[in-house]
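One is the number of the first residue; the rest follow in order along the sequence. Keep in mind the model is a prediction, meaning the values are calculated, not measured.
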Amino acid sequence: MDVLPTLRRSLVIALALLLTACPRSSRTPAGGDRGGELPTGDPFPKRPSVEAKKDPAADAALAQATQTARATPDKKKAAEAYLSVRKAYPATTAGQDALYQAGVLFFESRDFANARKSFNELLFENPLYARADDAKHKLAVSAMEVGAYRDAYQTLTSLAERASGAERTQLLNEAARAAEGAGLYGQALKLAVDEAGRAQGAQAQADAVAKVEALVEGRAGFTDVASVAEGLSPSNPAWPVITFKLARIYYHLRDWTRLEETLNRFLAEAPNHPFAPQARELLARATRRVEARPRTVGVLLPMTGRYQPIGEAVLRGIQLGLEGSGVELVVKDTQGDVNKTGQSMEQLAFDDGAIAVLGPLLNDDSKRAALLAEELQVPLVTMSRQDGITDLGSFVFRNMLTNAAQAEAIADYAMNVKGYKRFALLYPNIPYGVELADSFWDQVVARGGAVRGAERYSHDQTTFTTEAKKLVGRYYLDDRGDYIEGLRDVQGEKLDAFRRRKALEKVKSGVEPIIDFDAIFMPDDWRRVSLVAPALAVEDIVTNACDPRDLERIRKTTGKRELKTVTLFGANQWSSPKGRSGLPELVERGGKFVTCSVYVDGFFVDSQRPATRRFVQQYREAYRAETGRDPGLLEAIGYDSGRMLRQLMEQKDAPRTRAQMRDALANLKNFDGATGRTSFNEKREAVKELFLLSIDNKGVKEINVEQERQKAASASGGSGT
């Protein structure tokens, strides 16, 4: 099999999925050894760097040192006797013999640092020393003992190449230990597999195979396993371990062809191996991946934990949409955990045969599910707001109100229906506010409009005088020519301190607001909106005069004839529950300051759209007694998502495979749902006409955008603007 190239091509997919079945160890070996290029070749020179000579005096000193060493029970002190000879006669054969003997004594006394130092010095000076191989072996063992595993591995493999029999076996076993210590797990695995092939007797084979298992489970990498597997004979006791591990790698890489080939070969060669039952189950699981049940739908939602309420809301909508259809729902509790989501997605694909999956809601969960949906080729209709979620694959769809869709709807209405061209932005410094403000700004510019001012405030702010003053040019008064001129007039008059102070206050309060915008876009929660609107009125920003009679009343109250009205626009978080009066709490709290405002939402419970009314009625009959409240956006999105699949399943040529379901969803057009007529665009994003809602003193009502568009077109002579 052409294993390695396939694995390299597939590694990117594996990393994207964050699969952790085969993690690499992050342990840094002792002694400073780290991963990198593999050591190669003999680390010592090929010829002596010092020409040692025979010296009678040195020989006599060596003989005396030998007698002293034999009489000294402390081997370290005995080694010092040899080192004194080495120091006195460095360039002699006796000096080299003394250095070797000192190294042996240090080694035997387990002073591996000094043993390593002695053998290194000897072998660098004379690699052709008569007992060089023994010195190298002891040097390698010493290196392992002090944590210098890479040096040990290099030396031991060099020695093993020239050895045979039991000596070679010992050297290879030690080299395997050194490789593992150095983090060279690919080399360690190869040596361990070779050891298993040489092992004699059941116990020796079992011990060798256990080493192989330890390496492939969490240490050796994908390509290490593939490299060892290539050409490995089934007669090797480690073959089943390596082959089954390779099959699991193919499973995680979604290489189904090679997975089935590998498992079939495994079962043919080792049908009675302890791994055989797992191999049969994995093979059956891989086969089931394409066996979708045409009327089984999976659901991924947080049904316990912190996000349980939103999961339950969506599920109520899904169940209502599929009620009486005979569709089997398989609900998996993601618990708001990304790993649990991944496991559940695989179960729905492999074990439950879901032809499509609805959910998840949370951003990270949806990203994980989307990656797996594309890998497993399972249509996924997510309800996440995660930016770019459908870019993760052609099997990923989204049916949810997004910030971009809201910004586009408001900009289209404000500019193409109301005819506004100039805007101001007032938004909270949180992701929701910033993203919506940025999107709206882009939409305005793209349509030829302009943003004349933008002010950002803290998410927990409760007073907005400063922001309102900045919007109308009343904050930085030193930049206002009319204010400077007024100050000069006061300074030119002869006034006492009290009158001067009063005159200055009059100049300051008399500065007219610069309202060079037609509307203010404020993407924030309804509670904050009810606080901001009155602050705008203090700065003479009139937002509640959509009726000419209201405007005239304000003129009489303020004594100002030249008043410019401004429309407040908002997003879906303006939607509020009903208060004690039966009106939305936004209207109760904001009062007259929020009337004439317009905001957008993905669902409106009081809409007169037939499909929306049918859903609301069904929901109230099914759940009002249980929940004590009307449905919201989550219930409506769940309902529509379930009914979309139901509509496709009940048509004459209903999808029988996941690929057919994907194509059917991609071609879904004008689905009449509770959240509006829905179609999926080329990016598999749900496109629908959102609900534009206006506020008056009687509450909130839906705007018939098409009627207003036609009126605007007629008023402008058919220009449509």
Side-chain angles (χ1 to χ4, degrees), residues 30-33 42-160 162-175 177-178 181:
D33 280 339
D42 195 316
F44 303 107
K46 299 300 181 186
R47 63 183 63 185
S49 57
V50 174
E51 187 177 349
K53 298 180 180 179
K54 193 82 171 164
D55 185 304
D59 291 343
L62 177 62
Q64 181 60 46
T66 301
Q67 290 182 2
T68 301
R70 288 173 179 170
T72 304
D74 188 334
K75 291 188 177 182
K76 289 187 180 181
K77 290 183 179 179
E80 295 298 332
Y82 283 115
L83 289 179
S84 63
V85 175
R86 164 66 179 178
K87 184 176 181 180
Y89 305 98
T92 65
T93 55
Q96 290 182 350
D97 287 340
L99 189 57
Y100 169 77
Q101 293 296 343
V104 170
L105 288 170
F106 281 132
F107 182 84
E108 291 175 350
S109 63
R110 301 190 64 79
D111 184 352
F112 297 111
N114 277 318
R116 190 182 179 206
K117 180 179 178 181
S118 299
F119 291 131
N120 259 327
E121 185 178 343
L122 171 65
L123 293 167
F124 184 80
E125 186 176 292
N126 186 9
L128 302 180
Y129 182 71
R131 283 168 283 189
D133 283 352
D134 181 64
K136 288 180 180 180
H137 186 201
K138 288 183 170 61
L139 171 64
V141 174
S142 298
M144 275 200 290
E145 293 294 339
V146 298
Y149 293 105
R150 289 174 67 85
D151 289 346
Y153 172 78
Q154 187 175 4
T155 301
L156 289 166
T157 52
S158 176
L159 288 171
R162 303 190 300 272
S164 60
E167 181 187 2
R168 174 179 170 79
T169 298
Q170 179 186 353
L171 290 169
L172 288 174
N173 290 345
E174 290 173 339
R177 176 187 159 201

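- In this structure, Asp134 CG and Phe107 CZ are separated by 8.5 Å, a value rounded to the nearest 0.5 Å.
- The minimum heavy-atom distance between Leu128 and Pro48, with the atom names listed, is CD1-CD, 3.9 Å.
- How far CG of Leu156 is from NE2 of His137: 6.0 Å, rounded to the nearest 0.5 Å.
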Listed pairs under 3.5 Å, donor-acceptor, residues 75-84 side chains, sequence neighbours left out:
{"residue": "Lys75", "atom": "NZ", "partner": "Glu108", "partner atom": "OE1", "Å": "3.1"}
{"residue": "Tyr82", "atom": "OH", "partner": "Thr66", "partner atom": "OG1", "Å": "3.3"}
{"residue": "Ser84", "atom": "OG", "partner": "Ala81", "partner atom": "O", "Å": "2.5"}

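- Inter-residue side-chain proximity for Arg168 and Arg162 is flagged as unmet; no heavy-atom pair is nearer than 4.5 Å.
- At least one donor-acceptor pair under 3.5 Å links the side chain of Ser118 to the backbone N or O of Asn114.
- We find that Lys138 and Glu174 are not joined by a salt bridge, their nearest charged nitrogen and carboxylate oxygen being 4.0 Å or further apart.
- Among Leu172, Asn173, Leu171, the one residue that satisfies the side-chain contact (heavy atoms from CB on, under 4.5 Å) test with Thr169 is Asn173.
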Side chain to side chain contact (heavy atoms under 4.5 Å, CB included) between Glu145 and Arg116, intermediate numbers included: CA-CA 10 Å; Glu145 293 294 339; Arg116 190 182 179 206; over 6 Å; no
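- With rounding to the nearest 0.5 angstrom, the CZ atom of Arg150 is 12.5 Å from the OG1 atom of Thr155.
- In this structure, Leu105 CG and Tyr100 OH are separated by 10.0 Å, a value rounded to the nearest 0.5 Å.
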CA sep, side-chain torsions, deciding dist, call: Gln101, Arg131, side chain to side chain contact (heavy atoms under 4.5 Å, CB included): CA-CA 11 Å; Gln101 293 296 343; Arg131 283 168 283 189; 3.7 Å; yes
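- The line from CG of Asp59 to NZ of Lys54 is 4.0 Å long, rounded to the nearest 0.5 Å.
- Looking at every heavy atom in both residues, Phe119 comes nearest to Val104 through CZ-N, 3.5 Å.
- Here the shortest heavy-atom pairing between Leu123 and Lys136 reads CD1-CG, 3.5 Å.
- Closest approach of Tyr153 to Ala175, counting heavy atoms only: CD1-O, 3.5 Å.
- Here the closest heavy-atom approach between residue Ala115 and residue Ser142 is recorded as CB-OG, 3.7 Å.
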From CA spacing to verdict: side chain to side chain contact (heavy atoms under 4.5 Å, CB included), Glu125, Leu99: CA-CA 11 Å; Glu125 186 176 292; Leu99 189 57; 5.6 Å; no
Trace of the side chain to side chain contact (heavy atoms under 4.5 Å, CB included) decision for Thr93 with Lys53: CA-CA 6 Å; Thr93 55; Lys53 298 180 180 179; over 6 Å; no
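- Note that CG of Leu159 is 8.0 Å distant from CD of Glu167, once rounded to the nearest 0.5 Å.
- Checking side-chain atoms of Ser49 against main-chain N and O of Phe124 turns up a donor-acceptor pair under 3.5 Å.
- Pairing each heavy atom of Val85 with each of Ala58, the nearest pair is CG1-O, 4.3 Å.
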